[in-house]
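Proteins come first, then strands; the chains are lettered A, B, ... in the order of their sequence lines, and each starts at number 1.
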Amino acid sequence: MAYPFGEIEKKWQKHWADNKTFRAENKSVKPKYYALDMFPYPSGAGLHVGHPLGYIASDIVSRYKRLKGFNVLHPMGYDSFGLPAEQYAIQTGQHPEKTTKDNIARYREQMDKIGFSFDWEREVRTSDPNYYKWTQWIFIKLFNSWYNHETDKAESINTLVQKLESGKVGKLEKKWDELNEKEKSDVLMEYRLAYLSEAWVNWCPQLGTVLANEEVKDGVSERGGYPVERKLMPQWSLRITAYANRLLNNLDNIDWSESIKEAQRNWIGKSEGASLTFNVDNEKQSYIPVFSTRPDTIFGATFLVLAPEHPLATKICSSEKKNEVDAYIEKVKIRSERDRMADVKNVTGVDTGAFCIHPFTKNRIPIWLGDYVLAGYGTGAVMAVPAHDSRDHAFAKHFDLEIKQVVSAPEGWDIQREAWDAKEGKCINSDFLNGLDVKDSIKRAIQEIEKRGLGFGRTQFRLRDAIFGRQRYWGEPIPVYYKDGIPHVMEENELPLVLPEVDKYLPTEDGEPPLARAKNWKHQGKYEYEKTTMPGWAGSSWYYLRYMDPQNKNEFAGKDALNYWKDVDLYIGGAEHATGHLLYMRFWTKFLFDLGLIPVIEPAKKLINQGMIQGMSAKIFIGGINSSGVSMSNNWMGPSLNNSDYPRQITFNDVQRFISSADVYPYKVPTGIEPFSVFERNSPIEFVDEEKLNIDLFIESQFGNEYSDSVFILKEGYYFKGGYYNDNGVLTPEKTRPPFLVKREVEKMSKSKYNVVTPDDICTNFGADTLRLYEMFLGPLEQSKPWNTNGISGVFGFLNKFWRLAHPNPPKGRENELKVLSNGEDLGGAFFVSEDEPTKPELKILHKTIKKIQQDIDNYSFNTSVSAFMICTNELTELKCNKRAILEPLVILLSSFAPHIAEELWYKLGNEKSITFATFPQYNEALMADDSYSYPISFNGKMRFNLELSLSLTPAEIEKEVLANEQSKKFLEGKQPKKVIVVPKRIVNIVM
RNA sequence: GCGCGAGUGGCGGAAUUGGCAGACGCGCUGGUCUCAGAAGCCAGUGAGGUAACACUCUUGGAGGUUCAAGUCCUCUCUCGCGCACCA
């Protein structure tokens with residue numbers, strides 16, 4: 001019989017909730033510890049087994065830190081604005097708020113079953129007006145701030161206005177005071193950290209909306225397949241680029257995984273070089289600034305390339321090239337930026353017919369347009385040095401442009417064939433740079449450029465400002481209204497700007513966002529509000545602060561709370577947020593710090609990315625209707641590929657589709673229906689046992705219903721409309737049907753792949769403690785792994801074994817000592833612990849385990865902790881140890897991992913307060929010490945035998961003992977050892 | 001292409017950072033209990049080899065450093081993830 005986990009878990013979950021056991025206090029003499037999980041988006045599929053992986057780890061740490069005397073903040077909430085609820089709303093008309101609430105209720109129910117020690121009084125939801133009021137408030141702060149590069153921090157926009165008034169900043173055409181309101185607004189927009197500007201977006205005219213990059217595939221919208229073009233549109237953006245340097249430099253001071261830091265470094269993409277200007281050889285005196293990290297190669301610049309979107313492109317081109325240039329720009333426009341980046345191999349471009357003057361040589365060099373130059377990076381123009389940049393080289397080769405070498409390459413390098421990109425070599429053909437090393441010549445070139453007033457040294461970032469507006473309904477309204485065409489933010493005391501009701505969640509007929517449907521939704525009844533909403537990452541960029549003081553009505557969080565909790569000590573979540581959420585959160589933290597609103601510049605000291613738990617998808621192969629909608633029946637040759645054998649029971653008209661078992665695909669699928677009509681589809685895994693699909697259940701289900709008319713092709717014979725036919729078309733008794741197999745494949749676990757496994761079944765069948773231990777036992781936290789339940793019985797067995805330590809069969813003659821408590825009669829025996837003094841071996845086991853568990857938790861190595869518990873339990877079982885002095889401390893150790901069983905045993909041991917308030921036991925090295933050690937004795941590095949020796953021996957004595965040993969003599973074969981290595985408490989190695 | 005990470009039994013994974021490779025668990029084999037099964041308990045389980053020992057081989061591959069290498073160095077292969085015309 002298993003221990004009564006069901007009863008125990010329910011009982012203690014209720015106890016913890018009723019007693020608010022895990023409530024964190026904002027004032028305490030204890031040191032603080034803040035353990036945070038990335039909060040989930042509450043999707044309709046519910047929590048799957050991958051979610052709790054990180055939550056369990058942070059819960060173990062939280063419970064451990066409480067035992068270690070910390071005041072622990074361990075909260076949970078929901079990132080509850082987002083697209084899926086809105087899509088569902090569009091399809092069904094159900095308000096996203098309702099969907100979200102239902103999903104949250106389900107998440108909560110699932111989490112409660114796992115026994116997390118969250119302080120639920122601190123729950124936050126980003127879609128709650130009491131929460132997003134402060135998200136909007138931060139937006140207003142961003143709008144009212146600018147980045148002062150002199151002080152290197154954000155400041156109130158008022159300090160900028162002062163500087164503008166005194167003329168210290170900016171080059172205004174008129175004096176500040178002489179500007180009208182619109183002009184002033186436009187000037188300030190150039191500086192505000194939240195600003196409105198024209199930005200390039202993926203615009204889909206048919207859908208009337210902007211699409212995110214990932215929603216565009218092959219130049220058309222993923223949904224509907226409508227064309228998408230690049231378009232300049234007014235957009236709200238956040239000036240994250242102002243923080244690029246600090247976001248980069250501060251990475252060195254936080255304990256985050258190297259891969260995340262590296263991803264952020266790449267994303268920020270700092271590069272140093274020079275900006276220099278080329279004058280166009282025309283009457284208009286146009287000039288083109290370019291950015292280069294290789295100003296040392298300036299003498300190798302043989303042409304200029306502009307991005308097709310470059311504003312000068314159409315202005316400078318010669319009249320005879322005008323048509324060609326316009327055609328090219330039009331062609332490029334309909335491709336998304338992503339497509340352009342993906343399509344690296346094809347060189348495209350066009351000659352503008354215009355020329356510019358090389359600033360040093362004064363040569364005339366041609367100006368081209370090329371789509372390998374990105375409008376959004378640098379100045380949108382490059383000086384092409386084909387000899388030393390392979391992209392320029394490819395372009396030059398394609399259009400037969402001059403390639404001029406200016407850096408020495410290795411012997412035999414053919415510069416006409418391949419570019420020499422490396423920053424190595426000496427400058428040649430380069431006037432004043434000749435003979436200099438590349439590294440020195442970069443500095444020298446910048447000096448010269450600055451001296452001659454051609455440009456200046458400059459640092460460029462790949463990071464771009466974050467587009468902040470979304471043409472969506474289910475998000476925070478941006479607290480902005482328009483008065484005489486000028487955007488104004490609302491007053492702080494007018495917040496929150498509550499999301500208005502709309503009749504439909506779609507864009508309007510004229511292509512305005514859904515919020516344009518809101519009736520009478522105007523600021524002070526007069527002024528139009530901004531119609532876009534904030535992106536998903538807005539609310540999550542600061543939520544860790546709100547947890548510190550979630551009920552606060554007057555501030556986003558109170559000063560005392562902020563100063564007490566400061567930052568997150570341990571943050572656990574997925575690595576997929578490397579360049580999104582985690583970067584934005586760091587950005588907002590630095591901004592709030594600059595304004596003096598919070599005391600920290602980084603949100604989280606330590607970050608762990610838990611690995612993804614993948615799903616085991618079940619793929620089926622469906623053939624039938626081809627892409628043009630023509631039934632494939634005419635090509636169908638029958639399962640045996642022999643038309644004359646074709647069974648009469650099936651007429652072609654009945655058959656919609658043919659589904660192949662994985663062990664026959666593609667062999668029994670007639671060649672005529674390949675390849676265009678056979679496709680893979682995921683079957684929901686609940687109809688699959690190992691590899692076998694239960695066809696009957698499958699067809700009856702909502703998912704499989706559409707295949708009720710299909711032929712299921714088996715290795716031998718086939719299945720059709722409830723009957724099994726052999727290859728001769730003879731209806732055959734059910735029993736002989738061969739299995740229909742699916743192809744199992746490891747994929748990301750997601751609702752759309754029908755491979756989601758929820759934790760609920762495990763909780764029901766084995767209990768939450770087993771789930772918690774098992775998820776930890778699977779392997780290192782950071783590692784990704786497919787979910788399987790193969791090993792779960794081992795973990796469950798361990799908990800039962802542990803339970804039995806305190807529920808042994810009572811020894812003869814001492815039955816009267818039995819302590820029978822409430823539900824005592826369950827296992828082999830009733831609850832019974834001995835009050836005897838522990839023996840030395842028992843103490844050794846205990847203290848060894850305390851040390852191991854403590855070290856493992858400190859290293860976040862939870863899988864090895866579980867092993868340690870198992871070893872300890874096995875050893876104590878061997879000794880038949882049921883002593884209080886051993887079990888009581890062990891129960892405390894176990895309580896972070898398996899809190900329910902620990903809490904129950906703690907209670908049975910006679911403790912009245914929750915084990916949460918116990919103290920983590922201290923290990924004593926002295927009790928673990930052995931007086932002897934079994935030395936492995938090796939000869940020439942090969943281990944031959946073990947020898948038990950006292951640890952008090954000196955190395956010299958050990959050597960003597962070993963050499964005197966009978967077995968050693970055998971391996972020495974009479975030879976004299978050359979050398980004997982003795983490492984005390986490790987090894988002895990004899991070199992012959 | 002660039003960056004990061006990883007390759008250890010049939011499987012998930014250990015290995016105090018250079019010191020007995022394969023802990024712990026699954027699976028498998030045999031035994032015990034049972035009318036039978038499940039659960040539990042006991043024993044075995046890297047490969048080769050042997051009646052059993054002995055012995056030999058073994059951490060993706062090839063070299064190297066060392067008394068000693070899964071661990072350090074060089075080269076190389078494979079896989080996973082991230083970024084990807086960033087001038």
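The same atom, C1', is picked in B/G30 and in B/C35; the two are 22 Å apart, to the nearest Å. Taking the P atoms as reference points, B/U65 lies 15 Å from B/C73, given to the whole Å. The separation of B/A23 from B/G12, taken at their P atoms, amounts to 15 Å, rounded to a whole angstrom. Here, B/G82 and B/A15 have their C1' atoms 30 Å apart, quoted to the whole Å. As rounded to the nearest Å, B/A39 and B/C28 have P atoms that lie 10 Å from one another. Atom name C1', nucleotides B/U8 and B/A69: the rounded distance is 14 Å, in whole Å. Taking atom C1' in both B/C20 and B/C4, the straight-line distance is 34 Å, to the nearest Å. One P atom belongs to B/G46, the other to B/A38, and the distance between them is 25 Å to the nearest Å.
Separating the NE2 atom of A/H577 from the P atom of B/G82 is a distance of 13 Å, rounded to the nearest angstrom. A straight line from CG of A/N266 to C1' of B/G1 spans 13 Å, rounded to a whole angstrom. Rounded to an integer number of Å, the gap from NZ of A/K942 to P of B/U56 is 6 Å. Rounded to an integer number of Å, the gap from A/Y372 OH to B/G1 C1' is 17 Å. Here the C1' atom of nucleotide B/C55 and the CG atom of A/N940 are 16 Å apart, to the nearest Å. Straight-line distance from the CG atom of A/D389 to the C1' atom of B/G1: 13 Å, rounded to whole Å. Atom C1' of nucleotide B/G82 and atom CD1 of A/I260 are separated by 9 Å, given to the nearest angstrom. Atom-to-atom, CD1 of A/I298 to C1' of B/A87 comes out at 13 Å; the value is rounded to the nearest Å.
The pair A/K785-A/E775 does not meet the salt-bridge criterion, since no charged nitrogen lies less than 4.0 angstrom from a carboxylate oxygen. By the 4.0 Å N-to-carboxylate-O rule, A/D856 lies too far from A/K851 to be salt-bridged with it. A salt bridge is absent between A/E959 and A/K979; no separation between the charged side-chain nitrogens and carboxylate oxygens falls under 4.0 Å.
With a 4.5 Å cut-off on side-chain heavy atoms, A/V980 and A/V988 count as touching. You'll find the side chain of A/L607 stays beyond 4.5 Å of the side chain of A/I254, heavy atoms only.
Donor-acceptor pairing under 3.5 Å is lacking for the side chains of A/S867 and A/T864. Using modelled atom types, one finds a donor on one side chain and an acceptor on the other under 3.5 Å when comparing A/S271 with A/Y377. No side-chain donor-acceptor contact under 3.5 Å links A/T849 and A/Y923.
Applying the 4.0 Å criterion to OP1 and OP2 of B/A84, one finds that A/R462 has a side-chain N or O inside that range. For B/A87, the OP1/OP2 oxygens have a side-chain nitrogen or oxygen of A/S271 closer than 4.0 Å.
Remark: aromatic rings of A/F869 and A/F802 are distant, center separation not under 6.0 Å.
Residue contacts shown for A/E258 are absent, as no nucleic acid heavy atom lies under 4.0 Å away. Across all strands shown, A/K978 has no heavy atoms under 4.0 Å from either base or sugar-phosphate atoms. Among the heavy atoms of the strands lying under 4.0 Å from A/V991 are primed sugar atoms or P, OP1, OP2 only; no base atom is included.
Comparing B/C83, B/C85, B/A87 by their nearest atom to the side chain of A/W267 picks out B/C83. Ranking B/U56, B/C4, B/A87 by closeness to the A/R944 side chain, first place goes to B/U56.
Within the 3.5 Å criterion, the main-chain N or O of A/S237 finds no donor-acceptor partner in the side chain of A/D465. Between the side chain of A/N965 and the backbone N or O of A/Q967, at least one donor-acceptor pair lies under 3.5 Å.
An anti orientation is assigned to B/U50, its glycosidic angle lying beyond 90° of 0. In textbook terms, a nucleotide whose glycosidic angle is within 90° of 0 is syn, while B/G30, being further out, is anti.
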Encoded 5' to 3' (Watson-Crick or G-U under 3.5 Å; [ ] crossing; | other strand), RNA chain B becomes (((((((..(((......[....)))((((((.......))))))(((......)))..(((((..]....))))))))))))....

Nucleotide by nucleotide, nucleotides 10-26 of chain B touches protein heavy atoms under 4.0 Å in the pattern (B base, S sugar-phosphate only, - none) --BSS-B--BB--BBSS

